Amino acid sequence: MVLGEAPESAQCPSLTGLNTKDVVRKRHKRRSRQHQRFMARKALLQEQELSGMAPGPGSCSPTSLSQTPADTEASGSRRQRPKARSSSKRPIPREAPGPGPSKCVAIDCEMVGTGPHGRVSELARCSVVSYNGDVLYDKYVRPEMPIVDYRTRWSGITRQHMRKAIPFQVAQKEILKLLKGKVVVGHALHNDFQALKYVHPRSQTRDTTYVPNLLSHPSSHTRARVSLKDLALHLLHKKIQVGHQGHSSVEDAMTAMELYKLVEVQWEQQEADNAKAQPEDGAPDSSTDVEQYMEDQYWPDELA
């Protein structure tokens with residue numbers, strides 16, 4: 001025996017120990033892989049039970065973790081079927097009666113005085129806003145007759161505004177083009193239509209002066225007519241027409257539209273019920289009669 005060399009009997013246990021460690025390590029790896037496959041199968045079974053798609057006798061075995069694209073697509077379509085059935089049972093929402101935002105505009109006009117002593121009201125400014133309050137039109141208009149009273153305290157019109165004003169005939173064509181086929185909202189619209197020399201169908205007119213829903217509000221006045229300023233203060237909690245520079249037709253038109261939105265659903269439902277109750281061959285709409293403007297109720301309060 002060579003000096004420094006261990007005997008064979010001493011070397012064998014070390015080799016045996018190394019082989020034992022390798023065998024234990026391999027078994028541990030094999031068990032861990034089996035455990036992973038077991039946990040994956042368990043998760044797959046739980047997912048199938050939750051989705052109510054337990055595998056049938058002809059389905060693929062859960063022991064196989066790999067799926068083909070066709071199997072994945074099929075399982076995805078099966079999971080989506082219950083959603084499709086549930087969505088088909090949802091009730092179809094009914095649309096609220098009304099013209100719709102794109103068919104609704106608000107208008108307000110400012111007038112100046114012409115004729116003897118400035119008592120004839122003629123259009124000097126017109127503003128049209130959309131359902132959402134966007135300004136569609138806002139121009140100063142030059143009356144057909146010489147201006148005697150600018151009524152600046154109420155109209156806000158001055159001599160300087162007339163320098164950039166357009167002729168009445170031009171403005172009338174532009175404004176009526178915007179109003180055609182639309183539901184027109186405003187306050188005391190008969191005055192605006194009279195200044196425009198235009199008659200709008202009553203069925204497409206929403207005048208906030210005579211809205212029963214607004215007048216019956218507990219915080220509003222109880223008189224027959226309520227000013228736009230009072231309605232804005234009590235119902236919208238905002239102040240308009242403040243100061244000595246006159247009214248703003250844009251602000252007034254926006255305020256009228258906001259008031260309309262407060263009772264839009266009830267108002268349109270009432271209009272729809274009235275349309276059903278009236279016969280088609282009934283009396284002609286009084287709003288198409290120009291002589292309606294000669295009635296006392298359509299004259300301004302200061303001239304009545």
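Just so we're clear, the structure is a prediction, and the values are computed from it rather than from any experiment. Scope of the values below: all heavy atoms of this structure, side chains included, with no hydrogens, waters or symmetry mates.
Side chains of D207 and T205: a donor-acceptor N/O pair is absent below 3.5 angstrom, by distance only. Using a 3.5 Å distance cut-off with no hydrogens or angles, the side chains of E251 and Q241 do not pair a donor with an acceptor.
Although no hydrogens or angles enter the test, the distance criterion places no donor-acceptor pair under 3.5 Å between the side chain of N132 and the main chain of D134. The backbone N or O of F168 lies less than 3.5 Å from no partner atom in the side chain of E144, so there is not a single donor-acceptor pair. Under a 3.5 Å cut-off, the side chain of S155 and the backbone N or O of E110 do not form any donor-acceptor pair. A donor-acceptor contact shorter than 3.5 Å links the side chain of T208 to the backbone of G186. A distance-only check finds a donor-acceptor pair linking the side chain of H200 to the backbone of K182 [under 3.5 Å]. Q172 contributes a side-chain N or O that, together with a main-chain N or O of L196, makes up a donor-acceptor pair within less than 3.5 Å. Of the possible polar contacts, none joining the D108 side chain to the S127 backbone as a donor-acceptor pair under 3.5 Å is found. Listed for the T152 side chain is a donor-acceptor partner under 3.5 Å among the backbone atoms of I157. Under the 3.5 Å distance criterion, the side-chain polar atoms of K229 are left unmatched by any main-chain donor or acceptor of V242.
The minimum heavy-atom distance linking G133 with M254 is given by the pair O-CE, 3.0 Å. When all heavy atoms of T114 and P143 are compared, the pair lying nearest together is CG2-CB, 4.3 Å. Heavy-atom minimum distance, T255 versus A232: CG2-CB, 3.7 Å. Across all their heavy atoms, A124 and V112 have their closest contact at CB-CG1, 3.6 Å. In plain terms, the two heavy atoms of C109 and L123 that are nearest each other are CB-CD1, 3.5 Å.
Each of R206, H187, E268 was compared with Y260 under the side chain to side chain donor-acceptor pair (under 3.5 Å) criterion, and only E268 meets it.
Cluster membership for L176 and L136, using ILVMFWY side-chain heavy atoms within less than 4.5 angstrom, is shared. Under the 4.5 Å side-chain heavy-atom criterion for ILVMFWY residues, a single connected hydrophobic cluster contains both L236 and L231. Cluster annotation: M145 and M111 are assigned to distinct hydrophobic clusters (Ile/Leu/Val/Met/Phe/Trp/Tyr, side-chain heavy-atom contacts under 4.5 Å, transitive). In this structure, V183 is not a member of the same hydrophobic cluster as V135, with clusters built from ILVMFWY side-chain heavy atoms closer than 4.5 Å. In the hydrophobic clustering of ILVMFWY residues, with side-chain heavy atoms under 4.5 Å counting as a link, L189 and L178 come out together.
Within 6.0 Å of atom NZ in K239, 12 or fewer heavy atoms from other residues, nucleotides or ligands are found, so the atom counts as exposed in its surroundings.
I166 has its side chain within reach of E174: a pair of non-hydrogen atoms, C-beta onward, lies under 4.5 Å apart. Contact check for L228 versus L259: side-chain heavy atoms found under the 4.5 Å cut-off.
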Applying side-chain contact (heavy atoms from CB on, under 4.5 Å) to V105 and Y137, what does each step give before you reach the verdict? CA-CA 11 Å; V105 296; Y137 190 89; over 6 Å; no
Start with the C-alpha gap between I175 and I107, add the side-chain angles, then the distance that decides, and say whether side-chain contact (heavy atoms from CB on, under 4.5 Å) holds. CA-CA 10 Å; I175 298 169; I107 187 175; 4.1 Å; yes
Dump the intermediate steps for side-chain contact (heavy atoms from CB on, under 4.5 Å) on Q169 and K173, then the final yes or no. CA-CA 6 Å; Q169 298 294 339; K173 292 180 180 179; 5.5 Å; no
Could you check D138 against R125 for salt bridge (charged side-chain N to carboxylate O under 4.0 Å, His left out), going step by step and ending with a plain yes or no? CA-CA 7 Å; D138 183 29; R125 183 185 179 184; 3.0 Å; yes
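To the nearest 0.5 Å, the span separating CZ on R142 from CD1 on I147 amounts to 9.5 Å.
The aromatic rings of Y140 and H161 lie parallel to each other, their planes meeting at an angle below 30°, with 60° marking the opposite boundary.
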